[in-house]
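Notes follow once the structure below has been shown.
Numbering of residues begins at 1 and proceeds along the displayed sequence. Every value quoted in this text rests on a predicted model; they were computed, and no experiment measured them. Note that ligands are numbered from 1 as they come in the structure, with each ligand's atoms numbered from 1 the same way. Scope of the values below: all heavy atoms of this structure, side chains included, with no hydrogens, waters or symmetry mates.
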Amino acid sequence: MSDEFAIKKVKGMEIIDSRGNRTIRTFVTIEKGISSFGDAPAGASKGSREALELRDSKGSVKPAVDAVNNYISTALSGLDVRRQREIDLTMIKLDGTENKSKLGANAMISTSIAIAKTAALGLGMDIFNYIGGGRSHSIPIPLLNILNGGLHAGNSLKIQEFLIIPVNFDKFSEALFAALDVYKTLKNLITERFGKIYTALGDEGGVAPPLEKTEDALDLVYTAIKNSGYEDKIFLGMDAAASDFYVDGEYEIDGSKKSPDDMIEYYANLANQYPIIYLEDPFDENDFKRFSILQSKLKNTIVTGDDLYTTNVKYLKKGIEEKSTKGVIVKPNQIGTLTETFQFFDLARENSIKTIISHRSGETEDNFIADLAVALNSDFIKTGAPARGERTSKYNRLLEIENNYCLEYKNKL
Ligand SMILES: O=C(O)[C@@H](CO)OP(=O)(O)O
Ligand SMILES: [Mg+2]
């Protein structure tokens with residue numbers, strides 16, 4: 001009976017992602033004849049401490065595909081697919097490096113996800129149910145990136161993401177559909193102000209109008225929220241991805257150079273003018289201290305670390321000691337296995353830190369992170385604008401889960 005769940009085959013192949021780059025999809029097949037896959041997403045504004053993806057100089061991920069087909073497949077052959085932890089630890093040992101540079105984090109995370117999905121399918125369970133069991137009871141609040149800047153867009157905005165956060169709703173579907181209204185209102189505002197040509201989209205499906213100053217972008221998004229009638233229900237957030245505009249000890253933003261201390265005032269001033277309840281990576285990824293100064297100053301804002309922690313417990317421990325942030329981004333491909341992702345998530349939870357399961361700017365239509373977020377009762381999920389297939393696949397999966405199960409949608413602030 002248990003042989004049915006033994007891994008028969010692990011096979012990688014190249015596919016394409018939402019930015020038109022190559023990435024890896026890995027299939028796992030068990031003796032029972034059941035098979036599923038996992039895809040590796042890819043970032044543009046990566047943290048320097050992220051686990052390494054294997055890619056050659058021409059952009060091909062064949063080295064990762066080779067790692068799956070030549071090494072991972074042999075090591076995992078015959079193991080019980082339901083033993084996620086044992087399988088992940090086997091891959092970690094086989095890799096043997098600090099940053100997954102031998103097998104590649106892309107080879108490993110696509111395999112790790114495929115293992116979980118195949119096990120769930122083999123057991124006839126929903127993926128979130130398989131991972132979370134009876135403990136899963138809530139749908140995460142989405143952080144929707146509806147206006148793009150930084151490395152994800154062709155405009156001059158330095159802040160990478162302008163997020164809307166539909167907090168005060170009784171159901172996920174109501175929250176999401178309200179966010180759609182705001183997204184459409186924003187597009188109309190841009191058409192009126194700049195002309196239709198400027199409703200072209202950035203990498204995550206948000207609009208990317210020809211703005212230069214942070215305040216102008218916040219103003220536009222806040223106007224869209226107000227014009228849609230959701231001022232008391234939908235709030236604002238930003239992912240600065242500040243390492244990307246930190247040059248020689250200064251931040252180059254809004255046409256001027258600001259010192260790290262100037263930036264504290266800069267954000268405090270914005271939070272005074274707008275209802276900013278979420279602020280990700282406001283400083284360079286090495287400046288744990290200023291994260292904590294800003295967090296203690298902005299009582300009503302969840303300051304969050306993404307590049308700061310790169311889903312790695314080692315750096316989260318430092319952040320906890322220094323009280324750097326009230327929130328953490330959780331990206332499975334930053335660390336390379338689901339088991340390590342769970343460890344990171346648990347450490348955050350034990351310390352009452354808000355969790356945000358997140359996509360990457362380069363995505364595929366794999367909607368695994370929607371199930372992952374529900375499985376773990378994550379507080380939030382960040383998965384782009386409510387448009388374009390690679391983002392809607394996650395939102396649609398969450399709608400499906402809400403429709404089929406009795407899960408709650410709660411204000412997690
Ligand atoms: O900075 C981020 O949070 C992510 C996703 O939005 O961007 P990237 O995948 O390019 O690192
Ligand atoms: Mg980020």
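Remark: K354 is not positioned above the aromatic ring of F380, lacking an NZ or CZ atom under 6.0 angstrom from the ring centre and at most 45 degrees off the axis. Remark: K9 is not positioned above the aromatic ring of F27, lacking an NZ or CZ atom under 6.0 angstrom from the ring centre and at most 45 degrees off the axis.
Residue E161 does not count as close to the Mg ion (ligand 2), with no N, O or S atom under 2.8 Å. The Mg ion (ligand 2) has no N, O or S atom of D281 under 2.8 Å away, backbone or side chain. Here D239 meets the criterion, with an N, O or S atom under 2.8 Å of the Mg ion (ligand 2).
The E161 neighbourhood of ligand 1 comprises atoms 1 (O), 2 (C), 3 (O), 4 (C), 5 (C), 6 (O), with distances under 4.0 Å to a heavy atom of that residue. Which parts of ligand 1 touch H152 is read off a 4.0 Å heavy-atom cut-off, strictly below it: atoms 7 (O), 8 (P), 10 (O).
Contacts between D203 and ligand 1, counted as non-hydrogen atom pairs separated by less than 4.0 Å, are absent for every part of the residue. Heavy atoms of S361 found under 4.0 angstrom from ligand 1 belong to the backbone as well as the side chain.
Considering backbone and side-chain atoms alike, R19 places every N or O at 3.5 Å or more from each N or O of ligand 1. Of the polar atoms of A44, at least one N or O is found under 3.5 Å from an N or O of ligand 1, judged by distance alone.
With hydrogens and angles left out, the side-chain atoms of T191 and N188 include no donor and acceptor closer than 3.5 Å.
Looking at E50 and R360, a side-chain N of the basic residue comes within less than 4.0 Å of a carboxylate O on the acidic one, giving a salt bridge.
Among E280, H359, K331, R360, the residue whose heavy atom lies nearest to atom 4 (C) of ligand 1 is K331.
Using a distance-only test at 3.5 Å, with no hydrogens or angles considered, no donor-acceptor pair links the side chain of D239 to the main chain of Q160.
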